[in-house]
Amino acid sequence: MPELPEVEVVRRGLETMVLGRRIDTVTADGPRSVRRHPDRTEFAGRLEGRTVTGVRRRGKYLLGILDDGGVLVAHLGMSGQLRWTDTAGESMAKHTHVVITFTTGGQLRFVDPRTFGELFVTTSDPDGDDPPELAHLGVEPLEATTTGARFDAMLTERRAKLKPLLMDQRFIAGIGNIYSDEILWGAGIRGDRTSDSLSADEARQLHRSMVETLQDAVCHGGSSLADEQYVDLFGRSGGYQRFHKVYGRAGEACPRCANVVVRERWSNRSTFSCSTCQT
DNA sequence: ACGCCCGCCTGTAAGC
DNA sequence: TGCTTACAGGCGGGCG
């Protein structure tokens, strides 16, 4: 389940490989991957001949800015991968749904077994604002404008449990199940606390932990777990799972207080936390 | 406003 | 061994 750090690592790879390149041909054999385009040839037609002039990330979405004002938007969902190949002749991985071939011969391939991910083409705003399809997204956790004070104010004006709130893309964009647990552990705060119950110091700790956790994860290439096989554009696994403090570590000792890490099921998803030093 | 459930999917692994 | 079941969970929609 790629979250902000994994998506950012893929973005950096895309920036090195597709920026400035012109799209030659596009095939979209997986209709579910381009479900916003009932006509798959229309999807291909809006890409063919275009040059990629920018690669951005918004939350867990990737945006390829095109030279005609169009934007190719990608969401990896749970199992989506964007993979680069230099030679078009390389064999296709199972579940390859979209293939974008550049005029220089390289290929960008979208592989997605569970098909929760998608690609679509939309139009960018001249002001550089988000396309309308992404208008629901909340603030960017790592943007300088998302200051500790701003975050504190955002928390105070809501009354929701912290874990679901951190994962709410309309509140803050890019955090999923893994990083919400890691962020809360880093702040020493329980995920079932309500957002308006935090002291000013706790809100500061939560903001600090959010920024540090996400930045560290990007530095280590994101998290690759056994069951999900996240890899970057070039097939490389991330290394941040080695630094997970609680996620996937039920029964192990908390690195901070040595008490046991527990796993709970919360609205049908696993939550990991320290039973003692998160309060 | 919030919290929970469902449906959408497939691969993996545990249980009988 | 081979089948069934649970689990992984992002996201949008619905409902209490």
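Per chain, numbering begins at 1; letters A, B, ... match sequence-line order.
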Within the pair A:R265 and C:dA8, is there a side-chain N or O less than 4.0 Å away from OP1 or OP2?
yes

Are any of A:Q169's side-chain N or O atoms less than 4.0 Å away from OP1 or OP2 of C:dG10?
no

Donor/acceptor link under 3.5 angstrom from A:R114 side chain onto base of C:dA8
yes

Can you check whether A:R269's main-chain N or O pairs, donor with acceptor, with A:E264's side chain at less than 3.5 Å?
no

With axes from five pairs an end, tell me the bend angle of the helix from B:dC2-C:dG16 to B:dC16-C:dG2, nearest 10°.
60°

I'd like to know if A:R36 and A:E133 make a salt bridge, using a cut-off of under 4.0 Å between side-chain N and carboxylate O.
no

Give the C-alpha distance, both sets of side-chain angles, the deciding distance and a yes or no for salt bridge (charged side-chain N to carboxylate O under 4.0 Å, His left out) between A:R12 and A:E15.
CA-CA 5 Å; A:R12 293 178 182 187; A:E15 205 161 53; over 6 Å; no

A:D181/A:K245 under salt bridge (charged side-chain N to carboxylate O under 4.0 Å, His left out): CA gap, chis, key distance, verdict
CA-CA 9 Å; A:D181 282 358; A:K245 306 298 194 299; over 6 Å; no

B:dG11 phosphate, OP1 or OP2: any side-chain N/O from A:K94 under 4.0 angstrom?
yes

So does A:H136 get a side-chain nitrogen or oxygen closer than 4.0 Å to the phosphate oxygens (OP1/OP2) of C:dG12?
yes

Counting N and O atoms only, with roles assigned by atom type, does the side chain of A:E182 sit under 3.5 Å from a partner on the main chain of A:Y247, one being a donor and the other an acceptor?
yes

Closer than 3.5 angstrom, by distance alone: can the side chain of A:R40 be matched with the main-chain N or O of A:A28 as a donor-acceptor pair?
yes

Regarding A:Y61, tell me which of base, sugar-phosphate or nothing describes its non-hydrogen contacts under 4.0 Å with the strands shown.
sugar-phosphate

Nearest listed nucleotide, side chain of A:K60, among B:dC2, B:dT10, C:dC11:
C:dC11

When you check the phosphate oxygens OP1 and OP2 of C:dG10, does a side-chain N or O of A:R269 lie under 4.0 Å from one of them?
yes

Any idea which of C:dG12, C:dA8, C:dG10 is nearest the A:Y247 side chain?
C:dA8

Can you check whether A:H95 has a side-chain N or O nearer than 4.0 Å to OP1 or OP2 of B:dG11?
yes

